[in-house]
Protein chains: 2
Amino acid sequence: MNIGEVAAQTGLPAKTIRYYEDIGLVTAGRGANGYRVFQNTDAHKLTFLGRARALGFSIEHCRELLALWEDRGRASADVRAVALGHLDDIEAKISALAAMRDTLSELVQNCAGDGRPDCPILKGLEGP
Amino acid sequence: MNIGEVAAQTGLPAKTIRYYEDIGLVTAGRGANGYRVFQNTDAHKLTFLGRARALGFSIEHCRELLALWEDRGRASADVRAVALGHLDDIEAKISALAAMRDTLSELVQNCAGDGRPDCPILKGLEGP
DNA sequence: CCTTGACCTTCCCGTGACTGGAACCTCTAT
DNA sequence: ATAGAGGTTCCAGTCACGGGAAGGTCAAGG
């Protein structure tokens, strides 16, 4: 398989696949013409990576998960630990964003939003 | 005021203040020794910027907000529009993160998390 | 007067995870 | 023969800074 076919199959841009090869997440053989040659297993790895990334796992977490995925003797506890750590990260981000949203939406609600210059949003940004 | 004092007053790192000067968000005079000299108005601007950044506004949005803040003839509607746009961004991010959290936490809940290799999390990442 | 230490300066590199583009090579179809 | 699609490498840029080097400046103490 050439890179374009793998890209179509996995939904990842070819650029991203090259990048993943570059940083050692996947390996690809080479044909006589210098083109990358992918096996089905590589395509599966890339699908796995695409899904993990879509769930917000960092590249380093993906590397760990990929290693666990390929390790037949893994303990599911190790996988779960990585996932739980990431869940905590996600929750923290959601909390931070929700706090921003709450503060900001309160400011917005108090703002007339008309032609006059008086603006509680700007006042809220000035200071407490 | 030297940069250190402004940093202490605004809570922004000196590096950040220099960066903001670099990209033209604030301006600073210079003393005979080459040190930056800040006026109170600069410190207020920086406080404003720090608060806007803390609410997640991008630097470019901060630039707009700062311009509106300094424009006595502004329409509060313009401020509100910027804020509403940002609120949408925040909501979108929260939704995306919540979707990740939901998917991931379901996988985690189905995972025994023991010494055995069987792992629904990895299976979920493989494909549907 | 000299030193110490805190503070300031500029400059350059690195971050994460790609994305865009340039310049060039290879394959397939007409 | 040529056009176009697809492949290759390499370099630069993104966003908003942070780290650290190399060096100038200031106030206090010996």
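In the text below, chain A, chain B and the rest are named by the order of the sequence lines, each starting its count at 1.
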If you compare every side-chain N and O of [X] against the phosphate oxygens of [N] (OP1, OP2), does one of them come in below 4.0 Å?
X     : N      : value
A/R30 : D/dT9  : yes
B/R18 : D/dA16 : no
B/R53 : D/dC17 : yes
A/T16 : C/dT19 : yes

For [X] and [N], give me the distance from atom [atom1] to atom [atom2], rounded to whole Å.
X     : N      : atom1 : atom2 : value
A/E60 : C/dA17 : CD    : P     : 8 Å
B/F38 : C/dC7  : CZ    : P     : 16 Å
A/I17 : D/dG7  : CD1   : C1'   : 13 Å
A/K93 : C/dG16 : NZ    : P     : 12 Å
A/M1  : C/dC27 : CE    : C1'   : 19 Å
A/L12 : C/dA17 : CG    : P     : 14 Å
B/R36 : D/dT25 : CZ    : C1'   : 15 Å
A/D22 : C/dC18 : CG    : P     : 13 Å

Exercise. Looking across every strand, which nucleic acid part, if any, lies under 4.0 Å from B/I3 by heavy atom: base, sugar-phosphate, or nothing?
Worked result: sugar-phosphate

For this session: Would you indicate what B/F57 reaches in the nucleic acid, counting non-hydrogen atoms under 4.0 angstrom: base, sugar-phosphate, or nothing?
Result: nothing

Problem set entry | Proximal nucleotide (of C/dC7, C/dC18, D/dG7) relative to the A/Y20 side chain | C/dC18

Exercise. Donor-acceptor pair under 3.5 Å: do we get one between A/Y19's side chain and the base of C/dG16?
Worked result: no

Problem set entry | Main-chain N/O of A/T47 paired to A/T10 side chain as donor or acceptor, under 3.5 Å | no

Exercise. Is the side chain of B/R36 donor-acceptor paired with the backbone N or O of B/R30 at a distance under 3.5 Å, no angle test?
Worked result: no

Problem set entry | Which residue lies more 5' along DNA chain C, comparing A/K15 with A/N33 via nearest heavy atoms | A/K15

For this session: State whether A/E70 and A/K45 are salt-bridged, where the test is any N-O pair (Lys NZ or Arg NE/NH1/NH2 against Asp/Glu carboxylate O) under 4.0 Å.
Result: yes

Exercise. Can a salt bridge be assigned to the pair A/R63 and A/E60 using a cut-off of 4.0 Å between side-chain N and carboxylate O?
Worked result: yes

Problem set entry | Residues A/S76 and B/D114: side-chain donor-acceptor under 3.5 angstrom | yes

Problem set entry | Residue met sooner reading DNA chain D from 5', once B/S58 and A/G4 are mapped to nucleotides | A/G4

